[in-house]
Number of protein chains: 2
Amino acid sequence: MFEKPLTPSDVGKLNRLVIPKQHAEKYFPLGGGDSGLLLSFEDESGKSWRFRYSYWNSSQSYVLTKGWSRYVKEKRLDAGDVVLFERRRSHTDRLFIGWRRRSAAATPSAHDSGPGAAQVSGGAGESSGSGSAGGWTRMFYSAPHHNK
Amino acid sequence: MFEKPLTPSDVGKLNRLVIPKQHAEKYFPLGGGDSGLLLSFEDESGKSWRFRYSYWNSSQSYVLTKGWSRYVKEKRLDAGDVVLFERRRSHTDRLFIGWRRRSAAATPSAHDSGPGAAQVSGGAGESSGSGSAGGWTRMFYSAPHHNK
DNA sequence: CGTGAGACCTGGACG
DNA sequence: CCGTCCAGGTCTCAC
C-alpha cells in the first residue's frame, strides 16, 4: 500500500505515527461514526500487532496511537527508518507491517540530515536489517476490528 | 479510613484525585455494573461536597473526578498537603473529608511560599487553620448514590 | 470558538 | 525479570 520514512516525532515520546492523509483515507477509511478502530497486523515473524487508529481533530491528521510505541521499541526504529504497510490477499485478506533501516546516506541524529539527503532514500540500504528480503521485514494482518 | 498526600497531579490540571487501589476497593467498592457513583461528603464547616467516583480501565486506577477541582480550589490545596477520608457513625453513617497542610519538613516547590506570603498560610502548623483539631478539618457524608 | 473536565494511554518505579 | 500501580500526559467533547 504505502511506506513512510519515520520522523523524530514518530519514534519519540508522542507515542504515535502520523499516517499521511492521502494514504489514510485511501487504505484505512474511518466510518463517520467510529471514534477509531483497531487494526491488526502481522510482522515478519508472524507476531501480531494491534494498533489503535484514529483521526485527531486537533491536528487534522490520522494516527496510530496505542500499541505504536511498543512496535518502535521492539524493532529499535529510529528517525529516518522506513515502515511499510501492505495488504496481502491470500485466501483471506491480511495486513502486514514491515520496516527497513534508513539508507546509509541519510544519517540524521545529531543535526539531522545533513547536506544531501533528506529522508528516505532509497534504498533499502543493504542488508544489515534483521534478516529479510530486500531489507524489508513483513507481516500479515487480520481483519480490521471496530472499536467502540 | 485513610489519608493521602496530594501529588502535583492531584491538585493540577488533570482534575482528578487518584485513590490508591488498596483503599478504594476496601472503602468504596464499585458494583461491577456501575460506571461510577457519586459520593457525598461534608467538610469541617458542614458544607456538602459531591464527587464523581469511578474506575479508569486504562490506568487501572480509582479516581475522584467531577467536583474534585472545586474542592482543591476552595481549600487552596497544594502538592504535599494531605486529604483525609473518614466514616463517622452517629445515628446514621456519614462520610467526611478533611485536609491539613503538608508537614513543615517537606517543602517541594522551588522557592515557593516566599517571604511574603503566598497562599493560605498556614495553617497548619498549629492553630490558625480553619478551625479543626490537630490540624485536620473534617466533614460528614451522606449515603453513596448510585450513578447511571 | 476557547476553555475546562473527563476518559484514555504510557512509562517509570517498585515488589 | 515481569506484572502491577499510579503520576503525569494527550485528546476530545461539552459548554
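The figures that follow rest on heavy atoms only: side chains count, while hydrogens, waters and symmetry mates do not. Chain identifiers are assigned alphabetically (A, B, ...) following the order of the sequence lines, protein sequences preceding nucleic acid strands; residue numbering begins at 1 within each chain.
- Alongside Leu14(A), the hydrophobic cluster contains no other residue (criterion: ILVMFWY side chains under 4.5 Å).
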Can you check nucleotides 4-6 of chain C for protein contacts, nitrogen or oxygen pairs under 3.5 Å, and list what you find?
from   : atom 1 : to       : atom 2 : distance (Å)
dA5(C) : OP2    : Asn15(B) : OD1    : 3.3
dG6(C) : OP1    : Lys66(B) : N      : 3.1
dG6(C) : OP2    : Lys66(B) : N      : 3.4

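- Using a 4.0 Å heavy-atom criterion, one finds that Thr7(B) contacts the sugar-phosphate atoms exclusively.
- The stretch residues 7-20 of chain A participates, sequence neighbours left out, in these salt bridge (charged side-chain N to carboxylate O under 4.0 Å, His left out) pairs: Lys4(A)-Asp10(A), Asp10(A)-Arg16(A).
- The number of heavy-atom neighbours closer than 6.0 Å to CD of Gln22(B), taken from other residues, nucleotides and ligands shown, is 12 or below.
- The CZ atom of Phe51(A) sits 11.0 Å away from atom CG of Leu38(A), with the distance rounded to the nearest 0.5 Å.
- Within 4.0 Å (heavy atoms only), Arg16(B) reaches at least one base atom of the nucleic acid.
- For the 3.5 Å distance criterion, the side chains of Thr7(B) and Ser9(B) fail to qualify, holding no donor opposite an acceptor.
- Listed by chain and number, the residues in a side chain to side chain contact (heavy atoms under 4.5 Å, CB included) with Arg76(A) are Arg101(A) (sequence neighbours excluded).
- Outside the 6.0 Å centre-distance limit, the rings of Phe41(B) and Tyr71(B) are not counted as a close aromatic pair.
- Listed by chain and residue number, Lys47(B) satisfy the salt bridge (Lys or Arg N to Asp or Glu O under 4.0 Å) test with Glu74(B) (two or more places apart in sequence, or in another chain).
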Sort me out a list of protein N/O and nucleotides 13-15 of chain C N/O pairs below 3.5 Å, or just none if empty.
none

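- Between Leu17(B) and Val63(B), every side-chain heavy-atom pair lies at or beyond the 4.5 Å cut-off.
- Under the 4.5 Å side-chain heavy-atom criterion for ILVMFWY residues, no single connected hydrophobic cluster contains both Tyr55(A) and Val18(A).
- For Lys26(B), there are no side chain to side chain contact (heavy atoms under 4.5 Å, CB included) partners, not counting sequence neighbours.
- For Tyr27(B), the ring pair (Phe, Tyr, Trp, His ring centres under 6.0 Å) test picks out Phe2(B), with sequence neighbours left out.
- Applying the salt bridge (Lys or Arg N to Asp or Glu O under 4.0 Å) rule to Glu3(B) yields the partners Arg100(B); only residues at least two apart in sequence or on another chain are considered.
- dC9(C) atom P lies 13 Å from atom OH of Tyr55(B), rounded to whole Å.
- Note on the helix from dG2(C)-dC15(D) to dG15(C)-dC2(D): angle between the axes of the first and last five pairs equals 0°, rounded to 10 degrees.
- With a heavy-atom cut-off of 4.0 Å to chain A, the contacted part of DNA chain D has its first and last nucleotide at dC11(D) to dC13(D).
- Atom-to-atom, CZ of Arg50(A) to P of dC8(C) comes out at 17 Å; the value is rounded to the nearest Å.
- Taking the six-membered ring for Trp and thresholds of 30 and 60 degrees, Phe28(B) and Phe85(B) have ring planes more than 60 degrees apart, a perpendicular arrangement.
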> Step by step, would you call Asp81(B) with Lys75(B) a salt bridge (charged side-chain N to carboxylate O under 4.0 Å, His left out)?
Replying inline: CA-CA 10 Å; Asp81(B) 291 342; Lys75(B) 305 305 182 185; over 6 Å; no
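- The distance between atom CG of Asn57(B) and atom C1' of dT10(C), rounded to the nearest whole Å, is 15 Å.
- Only at 4.0 angstrom or more do the heavy atoms of residues 18-26 of chain A sit from any atom of DNA chain D, so none qualifies.
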